[in-house]
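First the proteins, then the strands, lettered A, B, ... as listed; each starts at 1. Every heavy atom of this structure was used, including side-chain atoms; hydrogens, water molecules and symmetry mates were not.
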Amino acid sequence: MSKDLYIYNSLSRNKDLFQPLNAPFVGLYVCGPTVYANVHLGNCRTFMFFDVVYRYLTHLGYKVRYVRNITDVGHITSTFDDGVDRIGQQARLEQLEPMEIVQKYTNYFHEVMRVFNNHSPSIEPTATGHMIEQIEMIKKILDQGFAYEVNGSIYFDVQAYRAKYPYGELSGRNVEELYENTRTLDGQDEKKFFADFALWKAASPEHIMRWPSPWGEGFPGWHLECSAMSTKYLGEQFDIHGGGMDLKFPHHESEIAQNTACCGKGPVKYWMHSNMLTVNGQKMSKSLGNSFLPHELFAGDHPLLEKGYTPQVVRFFMMQAHYRSTLDFSNDALNAAEKAYERMMSAYESIEQCKPSTESDADISALEARCYAAMGDDFNTPILIAELFEAVRLINGCKNGQQALTAEQLTHLKTIMDHFLMDVMGLQAPEASADHELPNVMMDAVFAVRKGLKERKDYATADLLRDAFAERNIVLKDTKEGGEWTYEKK
RNA sequence: GGUCCUGUGGCCGAGCGGCUAGGCAGAGCUCUGCAAAAGCUCGUACAGCGGUUCGAAUCCGCUCGGGACCUCCA
């Protein structure tokens, strides 16, 4: 069975066979959040997807070092001279210390990541914690002649860089064309060339976040931290760099330029970009005001929402679309995902109830191979889910005696579900089984009573019992053996 | 304006030269005291117009619609 993995590489614009630089080790870097506000669902999609990348590589047996940074300084609202640091701005707004802002929104971010069942990264470095590395990197770029100083700020010299290396390869930008469209904005700038970007900004007297440097007090540019931290923890060259599509330019393009200027070679073998989550066809973003916060979605506490959805349903919903497609967020789609998720999970949980046969015409190994093929084809989770519904069909068929499965096949199906549903896609069963133990014992008695009533053909009382539970959101379902029950929230 | 992506059945969403995607919703059947669940079967599809091809949802051209990026963004 082939477990080859093909990854769509934004740099080559091709699905490339994944071959790690130093197997079995894999370096994975993902641009994390700027912690100046609560992460919204669009952000979560990216982190959830790269969690699946991390999980699948790990499942394949790679030793993955997953680095995802926290941007806690340097993310300025524009690179012009009046640019404001997002963290500093929010600190003034909320009348808190910048580090209080950082802590507050980092906490929320971590809580959301946990609730969505994302694995923690191996290393979660912060920009403020790597000031020395960033300053050292600037020195190297200066030494190589690809940066210059103006009034205590250091800018990356795109023209000097372009004379030696290609610039704009990742995003397909043409500097001349960019210039055509930006020259009007290029006013009283201290940069030599419009496309130059800040590596270090001198801090104005009122600027709160500031660090000493060889060029005076200031703060690092946004793009620099990722270059410095990925180099520190993953080396000058590493395997996979991920992030949202909107980071391709200028952020990732600048990263490539910084690393290349510093080390003479491009840093990343496979660039991966996940597409946007949209609302009514438009990108979900904080600035457009159409973003959902995770807790609003769970509680259904938002004008555009009819009801709440559990984190697991949301995760399943995200997995039903390919990461390179935009995904539109709607009540209908979420409702459909909820139903699908519940069907999937109830089949998963009922594998033990299947009675094995001695013979079977089902080909479970082929099913497993198709699961690997789906994931191997650029992490195609929608196809994987379609294959897992084939497993659902087999399990349900077996449960009501229409499909013969051997004991080995049932175990195999359980393994496949465990691997792909739980380990790879990071889904979880709706509720912990421990909570079910006592209610189950009680419900067994209820079903015994109903059975007696039905045998006496006292259907009215039997229905009364069922209705009484239904009023309390507990749905009773009769089966041949007795009954099943579920919570059904409204 | 530039660069790029995209338009699939009632809805979501894969596929991207020939072979059923899948889910949700809908119809019929089986099972069932009824119901629910589950299984089986079914329906209608590839924006429009041309072209290439034995064959196009898939490739090419044009038209129309939607979106992203072009120094805030996951």
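- Residue A:Lys477 places its side chain closer to B:A36 than to any other of B:A36, B:C24, B:A74.
- Every residue meeting the ring-ring contact (aromatic ring centres under 6.0 Å, His included) condition with A:Tyr372, not counting sequence neighbours, appears here in chain and number order: A:His59, A:Phe420.
- Non-hydrogen atoms lying under 4.0 Å from RNA chain B are contributed by A:Asp246, A:Leu247, A:Phe249, all within residues 245-252 of chain A.
- When each of A:Thr46 and A:Glu387 is assigned the nucleotide of RNA chain B with its nearest heavy atom, A:Glu387 is the one assigned upstream, toward the 5' end.
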Interface polar pairs with nucleotides 8-10 of chain B, N/O, under 3.5 angstrom:
none

Please tabulate, one pair per line, each protein N/O and nucleotide N/O from nucleotides 14-16 of chain B that are separated by under 3.5 Å, including the distance.
residue, atom, partner, partner atom, Å
B:A14, OP1, A:His322, N, 2.7
B:A14, OP1, A:Ser325, OG, 3.1
B:G15, OP1, A:Asn380, ND2, 3.2

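- Screening residues 247-261 of chain A for salt bridge (charged side-chain N to carboxylate O under 4.0 Å, His left out) gives no qualifying pairs among residues at least two apart or on separate chains.
- Applying a 4.0 Å cut-off to non-hydrogen atoms, the residues of residues 461-469 of chain A that approach RNA chain B are A:Asp463, A:Arg466, listed by residue number.
- Qualifying ring-ring contact (aromatic ring centres under 6.0 Å, His included) partners for A:Tyr8, counting only residues two or more places apart in sequence or in other chains: none.
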Under the 3.5 Å Watson-Crick or G-U criterion, the dot-bracket string of RNA chain B, with | for inter-strand pairs: (((((((..(((.....[...))).(((((.......)))))....(((((..]....))))))))))))....
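- A:His251 meets the ring-ring contact (aromatic ring centres under 6.0 Å, His included) test with A:Trp222, A:His223; sequence neighbours excluded.
- Applying the side-chain hydrogen bond (donor to acceptor under 3.5 Å, both in side chains) rule to A:Arg68 yields the partners A:Glu124; only residues at least two apart in sequence or on another chain are considered.
- Of the residues in residues 274-281 of chain A, those with a non-hydrogen atom less than 4.0 angstrom from any atom of RNA chain B are A:Asn275, A:Met276, A:Leu277, A:Gly281.
- Listed by chain and residue number, A:Tyr54 satisfy the ring-ring contact (aromatic ring centres under 6.0 Å, His included) test with A:Tyr66 (two or more places apart in sequence, or in another chain).
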